[in-house]
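A quick write-up on the structure given underneath.
In what follows, chains carry the letters A, B, and so on, assigned in the order in which the sequence lines appear, proteins first and then strands, with residues in each chain numbered from 1.
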Amino acid sequence: MHIESIIKTYIQSALQEIYNVAEETILLQPTKKDFEGFYTFVTFPYTKSLRKPPVEIGNSLGQYLVEKSGVVSKFNVVQGFLNLSIAESAWIEALNTLALDPNFGFSAPNGQSVMVEFSSPNTNKPLHLGHLRNNFLGDSVSRILKANGYDVVKTCLVNDRGIHICKSMLAYAKLGNGETPESSGLKGDHLIGKYYVLFDKEYKRQIEALVAEGKTKEEAEKKAPWMLEAQQLLLKWEQSDAETIALWKQMNEWVYAGFNDTYQKIGVSFDKTYYESNTYLLGKDAVDEGLAKGVFFQKSDNSVWIDLSAEGLDEKLVLRGDGTSVYMTQDLGTTDLKFADFHTDKSIWVVGNEQDYHFQVLFAILKRLGRAYADGCYHLSYGMVDLPSGKMKSREGTVVDADELVAEVTAAAAEEGNAKGKIDDFSEAEKQKLFSMLGLGALKYYLLKVDPQKRMLFNPAESVELHGHTGPFIQYTHARTRSVLRKAVQMGVEWSKPAATVPLTDSEKEVIFCLTQFPERVADAARNYSPALISQYAYELAKAYNTFYAEVSILQEPNADAQQARLLLSQAVADGIQKAMGLLGIEVPERM
RNA sequence: GGAUGCGUAGCUCAAUUGGAUAGAGCACCUGACUACGGAUCAGGAGGUUUGGGGUUCGAAUCCCUACGCGUCCA
């Protein structure tokens, strides 16, 4: 049993025996650095029910714990804070159990399944920085849920139809001259993106021309020839016009090849991909069902609505008067489809917070329709990524391209790596692999260390930073532990067995304490759908180890028991860092 | 107009969900033994937590209010 739960159990029995009070949950917190001890129990909340001053409660509980628990060696009381120090034998025992358990921190299957939908790109342009936050979040949350025992299905819904695709298609048909990814040397998604931009340029020119002729801006936007043609193209697509479909398929193929390349590079994959072109007509059954059940109502123009004022929301359109879908219609249909396909207990949508309202409405409708799965639906809403220059706008060309960014961070890692000269014996391929591991580590960590809910600022200089609170700092610490362990093997020292109780320095206790926190953090990260909690943990662990590393000698320690304990500790830290970073989708190197 | 989120050191972020003297990194300053990896470590400086009021043993956190920034719904 872990130290923390032992203490909690004894506090419960102490409250029972001394004050005759039954308390179900005991909250412990780490002791602040300025005080002695590792765990703190706050007694203020009990002063009323026990009718005793906080200090007295602290003293009697502390005494009880020292006498009976076996893990608390001493205590001190400051006002309502009971600070507990832990016996060295307890630290060693904790280290032994966690270091020798390969699955420490991870849960066995819990019989529950969850679907995580993320990425969800448009096929008219390449992935950008915003997608990266989305992808890294979705991927990491999937890993975290899996570590908590869930059976996870990763899905991606590709937005592959609609007016925006037709814009790229039109520009390509007019200006493409048969250009292909091969002929142009452009990645497929970038090639398509280029024509999307070309469309926009010409479209703007046409609007200006019409405005010059005296039309209002609104009129001009609607009447610009290319816009009319794009709409024409969408109509043809919907009527399955052979030539249009052929062009659409060709261009999609190029885009998907480009996306796959990027996904592979950033280490993201999906179990199932849905395409809007297959699902955009779904949802009308749900609308009929809602009308029959009296959940929806029809207005005089035949449009279908739901009144959600009871939920604190407005009336919301679910089907247009002419019978065509809105986003909500499609989402109703797609959600039914997803649950029918996989029968998961939960479903999570990783989508930006600009769609908070949309998901509130969607979930409210699902409940009204009586969907059994409605309670398992969750919108993982994340904040936008801002640039120092302000918000990213694809039309204004202020987007940060994902592929370029990955190349930049890799180059930055290569520059520093080559300068250090520690891996001169690596082959070119090994070096490339390492630099991409470090570059991606920096980028992923940079985007994941911030609370997902919060809006964040992307600073290009900081994203390629390799020192301080960064991924590479943690990767470095891992390489360091591996280096020590390699040398220990060379020296013929054996450490993979339970360590004996030896005197411990504060820094050693600090590291063990940090290691014992891992399972709780993993559970916390799943509860809050927050990889940031894992990032924070990995950083704390690395810092604690580096402090320890600077303070005591491992390989030159004369006492064999002490040396073995330190090696076991190093092993546990190496494993802990690897696991924590693994939950973020970040690999760690043996050397760097 | 209605709804909703945010505001913490010069900058980027934390704060165990109401706990102690609000912590890290970057940038700035000082120091680290012929040591196991210096992509490191130890230390310094930097704060009226946007302003004002309230709730209580205790508030960055909860409530009210003003201001600022963002997003959504028409």
- Using Watson-Crick geometry (N1-N3 plus N6-O4 or O6-N4) or G-U wobble (N1-O2, O6-N3), each under 3.5 Å, B:A66 is paired with B:U50

- What is the base-pairing partner of B:U71, counting Watson-Crick and G-U wobble geometry with both distances under 3.5 Å? B:A3

- Consider the side chain of A:V484, meaning its heavy atoms from C-beta on, and name the nucleotide among B:G37, B:U40, B:A39 that approaches it most closely. B:G37

- Query: Does the aromatic ring of A:F35 sit over the six-membered base ring of B:A20, closer than 5.5 Å centre to centre and tilted less than 30°?
  - Reply: yes

- With centres under 5.5 Å and planes under 30° as the test, does A:Y539 stack with B:A24? no

- Query: Would A:K299 count as a cation-pi partner of A:W305, with NZ or CZ less than 6.0 Å from the six-membered ring centre and within 45° of the ring normal?
  - Reply: yes

- Item | Complementary nucleotide for B:U61 - Watson-Crick or wobble, under 3.5 Å | none

- Under 5.5 Å between ring centres and under 30° between planes: true for A:F81 and the base of B:G19? no

- Task: For B:C13 and B:U56, measure between their C1' atoms and round to the nearest Å.
- Result: 31 Å

- Message: Can you work out whether A:T40 or A:L438 has the more 5'-proximal nearest nucleotide on RNA chain B?
- Response: A:T40

- Message: What is the separation between atom CG on A:L466 and atom P on B:C26, rounded to the nearest whole Å?
- Response: 12 Å

- Note on the structure: Any strand, both distances under 3.5 Å, Watson-Crick or G-U wobble: B:A35 pairs with none

- Query: Expressed as a whole number of Å, how far does the P atom of B:U30 sit from that of B:A66?
  - Reply: 50 Å

- Taking the nucleotide of RNA chain B with the closest heavy atom to each, which residue, A:L457 or A:V552, is nearer the 5' end? A:L457

- With no hydrogens and no angle check, is any side-chain donor or acceptor of A:D314 less than 3.5 Å from a backbone partner on A:K316? no

- If we call it a pair only when both distances are under 3.5 Å in a Watson-Crick or G-U wobble match, what pairs with B:G10? B:C26

- B:A20 pairs with which nucleotide, Watson-Crick or G-U wobble, both distances below 3.5 Å? none

- Message: Over all strands shown, is A:A479 touching base, sugar-phosphate only, or nothing at heavy-atom distances under 4.0 angstrom?
- Response: base

- Query: Is any side-chain heavy atom of A:W495 closer than 4.5 Å to a side-chain heavy atom of A:Q571?
  - Reply: yes

- Query: Hey, does A:M592 reach any base, or is it just sugar-phosphate, or nothing, if we go heavy atoms under 4.0 Å?
  - Reply: base

- Task: State, with a plain yes or no, whether a side-chain heavy atom of A:I577 is found less than 4.5 Å away from one of A:Y537.
- Result: no

- Mind checking whether A:F106 and A:L583 have side chains closer than 4.5 Å, heavy atoms only? yes

- note: A:K316, atom NZ; B:C73, atom P; distance rounded to Å ~ 6 Å

- Message: Checking base pairs now: Watson-Crick or wobble, both atom distances under 3.5 Å. What partners B:A15?
- Response: none

- Query: Across the strands shown, which category fits A:D451 at heavy-atom distances under 4.0 angstrom: base, sugar-phosphate, nothing?
  - Reply: sugar-phosphate

- Message: Taking donor-acceptor contacts at under 3.5 Å, does the side chain of A:N546 reach the base of B:A42?
- Response: no

